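Only heavy atoms go into these numbers, but all of them, side chains included; no hydrogens, no water, no symmetry mates. Atoms within each ligand, like the ligands themselves, are counted from 1 in listed order. Just so it is clear, the model here is predicted, and its values are computed rather than measured. Heads up: numbering here begins at 1 and tracks the sequence.
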Amino acid sequence: MKVITNFVTSAAAPHQFPTGIVPEVAFLGRSNVGKSSLLNSLVGTKMANVSNTPGRTQTINFFTVNFGAPKPNPELMLADLPGYGYARVPKAIVGEWPKFIEPYLADREPLRLCICLIDSNIPPQKSDLQLLHWLQTSGRPFQLVGTKTDKLSGNKLKQSMMALSREFGSELLPYSVKTGTGKDELWRKIREAVATL
Ligand SMILES: Nc1nc2c(ncn2[C@@H]2O[C@H](COP(=O)(O)OP(=O)(O)OP(=O)(O)O)[C@@H](O)[C@H]2O)c(=O)[nH]1
Ligand SMILES: [Mg+2]
């Protein structure tokens, strides 16, 4: 499947969010979990900035997607969000997070699916549980994804994914941008979520 992507805008406040009715999918997770990398892996080109330094993405960055061929209207919007909860990110950045993330999650009308990224290499984190709880109580559909699965092998990966699924009360889809694991399955979930308007 050919994916055509275009950058739309970077928003640091709700009034800067793009208007329109294109169904939208958001990428959420702690700083450095791999949100921007996963978005790039899905669309097959380097659209979003990736970095070793946590806190790299500080605005909500919007990208349009068309499948197969360019069309007058986008079929899908992807939103790359800033991360939360990374201990080494300066307080100033973490402190800013809720100011525009929470309004985004609470009020964003075209939002169809929240893709919540969880690092498959580390134990469950309180900040992830808090986000999940928030999404569950607000009724936002979400899909958990376990990132960086290439760093673990065999039994270790299986055990870690099972422990995380148990803790979060929802299945995690394994993903690696290095090997491409999970890409087809995640696209299926996205298209499914977008089709049920
Ligand atoms: N081994 C491995 N490394 C990964 C994978 N995905 C991301 N990374 C690395 O993790 C680091 C952070 O990736 P980003 O995509 O910038 O993470 P982010 O969640 O967007 O981070 P913020 O924008 O700071 O919130 C980078 O060094 C990536 O190369 C993966 O599947 N496997
Ligand atoms: Mg990022």
Side-chain angles (χ1 to χ4, degrees), residues 3 5 7-13 16-17 24-63 65 77-102 104-105 113-132 134-135 142-154 156-158 160-161 164 168 172-187 189-190:
V3 178
T5 321
F7 171 72
V8 180
T9 192
S10 289
Q16 295 170 339
F17 298 161
E24 192 161 299
V25 171
F27 297 86
L28 297 163
R30 297 171 73 239
S31 288
N32 217 43
V33 70
K35 298 175 292 298
S36 302
S37 303
L38 189 143
L39 191 152
N40 289 339
S41 149
L42 279 174
V43 300
T45 139
K46 197 184 166 303
M47 295 302 291
N49 285 330
V50 169
S51 166
N52 283 321
T53 318
R56 172 71 187 162
T57 308
Q58 295 181 18
T59 50
I60 302 183
N61 300 317
F62 294 88
F63 305 88
V65 168
M77 185 87 81
L78 301 179
D80 184 24
L81 273 77
Y84 55 82
Y86 195 93
R88 274 179 275 157
V89 174
K91 271 268 178 318
I93 296 173
V94 178
E96 287 301 308
W97 195 77
K99 279 200 196 147
F100 60 108
I101 303 289
E102 209 169 312
Y104 171 83
L105 290 176
L113 181 67
C114 294
I115 298 181
C116 300
L117 280 65
I118 312 282
D119 193 328
S120 61
N121 297 268
I122 59 170
Q125 301 290 304
K126 199 173 156 201
S127 51
D128 292 329
L129 286 164
Q130 281 170 342
L131 173 70
L132 269 247
W134 194 96
L135 292 172
F142 63 86
Q143 170 66 50
L144 299 188
V145 170
T147 62
K148 309 188 188 183
T149 55
D150 55 278
K151 287 187 165 184
L152 291 171
S153 55
K156 282 231 161 101
L157 177 61
K158 215 164 145 189
S160 170
M161 296 294 277
L164 290 167
F168 291 112
L172 274 84
L173 174 70
Y175 204 104
S176 164
V177 305
K178 293 236 159 118
T179 65
T181 300
K183 182 172 164 176
D184 292 346
E185 183 62 19
L186 189 55
W187 265 127
K189 304 256 182 205
I190 291 172

Quick one: look up the protein heavy atom nearest [atom] and list residue, atom name and how far away it is.
atom: atom 6 (N) of ligand 1; value: Val177 CG2, 3.6 Å
atom: atom 19 (O) of ligand 1; value: Lys35 NZ, 2.7 Å
atom: atom 27 (O) of ligand 1; value: Asn52 OD1, 2.6 Å
atom: atom 16 (O) of ligand 1; value: Ser51 N, 3.1 Å
atom: atom 21 (O) of ligand 1; value: Asn32 N, 3.0 Å
atom: atom 24 (O) of ligand 1; value: Gly55 N, 2.7 Å
atom: atom 23 (O) of ligand 1; value: Thr57 OG1, 2.8 Å

- prompt: Under the 3.5 angstrom rule, does the side chain of Thr5 hit a backbone N or O of Val65 as a donor-acceptor pair?
  reply: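 Such a contact is absent between Thr5 side chain and Val65 backbone.
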query: Donor-acceptor pair, Lys35 side chain versus Arg30 backbone, under 3.5 Å?
result: yes
[X] N/O to ligand 1 N/O under 3.5 Å:
X: Val50; value: no
X: Lys148; value: yes
X: Ser36; value: yes
X: Asp80; value: no
X: Pro82; value: no

Going by the atom numbers of ligand 1, which of them fall below 4.0 Å from some non-hydrogen atom of [X]?
X: Gly83; answer: 25 (O)
X: Ser176; answer: 31 (O)
X: Lys151; answer: 1 (N)
X: Val33; answer: 19 (O)
X: Ser31; answer: 25 (O)

task: Please check if any side-chain donor atom of Asp80 sits under 3.5 Å from a side-chain acceptor atom of Ser36, or the reverse.
output: yes
message: If the test is side-chain contact (heavy atoms from CB on, under 4.5 Å), which one of Ile101, Asn61, Leu28 qualifies with Pro82?
response: Ile101
- prompt: Has Ser37 got an N, O or S atom lying less than 2.8 Å from the Mg ion (ligand 2)?
  reply: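 So Ser37 does not count as coordinating the Mg ion (ligand 2).
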message: Heavy atoms only, cut-off 4.0 Å: how does Asp150 contact ligand 1, side chain, backbone, both, or neither?
response: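 Answer for Asp150: side chain.
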- prompt: In this structure, are over 12 heavy atoms from other groups packed under 6.0 Å from Lys46 atom NZ?
  reply: yes
Interatomic distance, Asn40 atom CG to Leu78 atom CG [nearest 0.5 angstrom]: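 So the CG of Asn40 and the CG of Leu78 are separated by 10.5 Å.
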- request: State, to 0.1 Å, how close Leu135 and Cys114 come at their nearest heavy-atom pair, and which atoms those are.
  value: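 Nearest pair, atom of Leu135 first, then Cys114: CD2-SG, 3.9 Å.
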task: From the options Ser37, Gly29, Gly34, Ala48, select the one whose nearest heavy atom is closest to atom 28 (C) of ligand 1.
output: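 The option holding the nearest heavy atom is Ser37.
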